[in-house]
Q: 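For reference, the structure I am asking about is given below.
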Amino acid sequence: MWRAVLDRVVFVLMNMVVMVILHGNSKQFWPRIPYLSLRNESTAEHTRLVFNTLTVSTLIQALLGRLPRERWLPRVLALGVVPAMLPALIFFGQKVLRLQGAAAERYNLAMVPLLPVAAVAIEEGLAAQLAPPPETPSSADYSRLV
């Protein structure tokens, strides 16, 4: 159990580091990584950044053997769902909450750890739904035990 929790925490932390690196490339903090870093600051580019971040972290986990086979489909589905949520979250912050300036920056920064946490939660829910039901002992098996 602790290993599974540790794997999820490592996934979230790895996503945060990768996101900072990829977003930092757009700010010219270090050399640009082609096709992964932002080209501009649009919502579509940020959605692509979240997708790239989750994909890079997933590939690292898979290459290190830390992503079990039964988690591949739920992870791929989470890779589609989480970036698709981002435009709605940005719209909510800008139009509904009407955040501007420092408040908007804090809102956007809060998404850096929350989006990977959401990915883990979605993956967990999907894995539970897609897992085969546990085998229940039949009455014939039970009678042999008694």
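Fair warning: this is a prediction, and the values are worked out from it, not measured in the lab.
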Q: Going from CZ on Phe51 to CG on Leu79, what distance comes out if it is rounded to the nearest 0.5 angstrom?
A: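 Output value for this atom pair is 6.0 Å.
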Q: Taking only residues two or more places apart in sequence, or in another chain, which ones meet Arg3 in a side-chain contact (heavy atoms from CB on, under 4.5 Å)?
A: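 side-chain contact (heavy atoms from CB on, under 4.5 Å) check on Arg3 returns Asp7, Arg66.
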Q: Find out if a path of hydrophobic residues (ILVMFWY) with successive side-chain heavy-atom gaps under 4.5 Å connects Leu49 to Val81.
A: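 Per the 4.5 Å side-chain linkage, Leu49 and Val81 are co-clustered.
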Q: Return the CD1 to OG1 distance between Ile90 and Thr43, rounded to the nearest 0.5 Å.
A: 4.5 Å
Q: Just so I know, are the side chains of Val50 and Met19 near enough to count as touching, which here means a heavy-atom distance under 4.5 Å?
A: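 Yes; the side chains approach each other to less than 4.5 Å.
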Q: Only pairs at least two apart or in different chains count here, so list each side chain to side chain donor-acceptor pair (under 3.5 Å) that has a residue in residues 81-91.
A: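 Qualifying pairs: none.
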Q: Return a table of donor-acceptor pairs under 3.5 angstrom between the side chains of residues 10-18 and protein atoms on other chains or two or more places apart.
A:
residue	atom	partner	partner atom	Å
Asn15	OD1	Ser57	OG	3.2
Asn15	ND2	Phe11	O	2.8

Q: Distance-only criterion, 3.5 Å: show the donor-acceptor pairs between side-chain atoms of residues 58-65 and protein atoms not counting sequence neighbours.
A:
residue	atom	partner	partner atom	Å
Thr58	OG1	Leu54	O	2.8
Thr58	OG1	Arg75	NH1	3.2
Gln61	OE1	Arg75	NH1	2.8
Gln61	OE1	Arg75	NH2	3.0

Q: For Lys95 and Arg98, which heavy atoms make the closest approach, and how far apart are they?
A: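 Shortest heavy-atom contact: O-CG, 3.5 Å.
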Q: Is there a path of hydrophobic side-chain contacts, each under 4.5 Å between heavy atoms of I, L, V, M, F, W or Y residues, that connects Val82 with Trp72?
A: no
Q: Would you be so kind as to tabulate the donor-acceptor pairs closer than 3.5 Å made by side chains of residues 99-122, with sequence neighbours excluded?
A:
residue	atom	partner	partner atom	Å
Tyr107	OH	Leu89	O	2.6
Asn108	ND2	Ala104	O	3.3

Q: If I compare all heavy atoms of Ala78 with all of Leu126, which pair ends up nearest, and what's the gap?
A: N-CD1, 4.2 Å
Q: Only counting residues at least two apart or in another chain, list the ones meeting salt bridge (Lys or Arg N to Asp or Glu O under 4.0 Å) with Arg71.
A: Glu123, Glu124
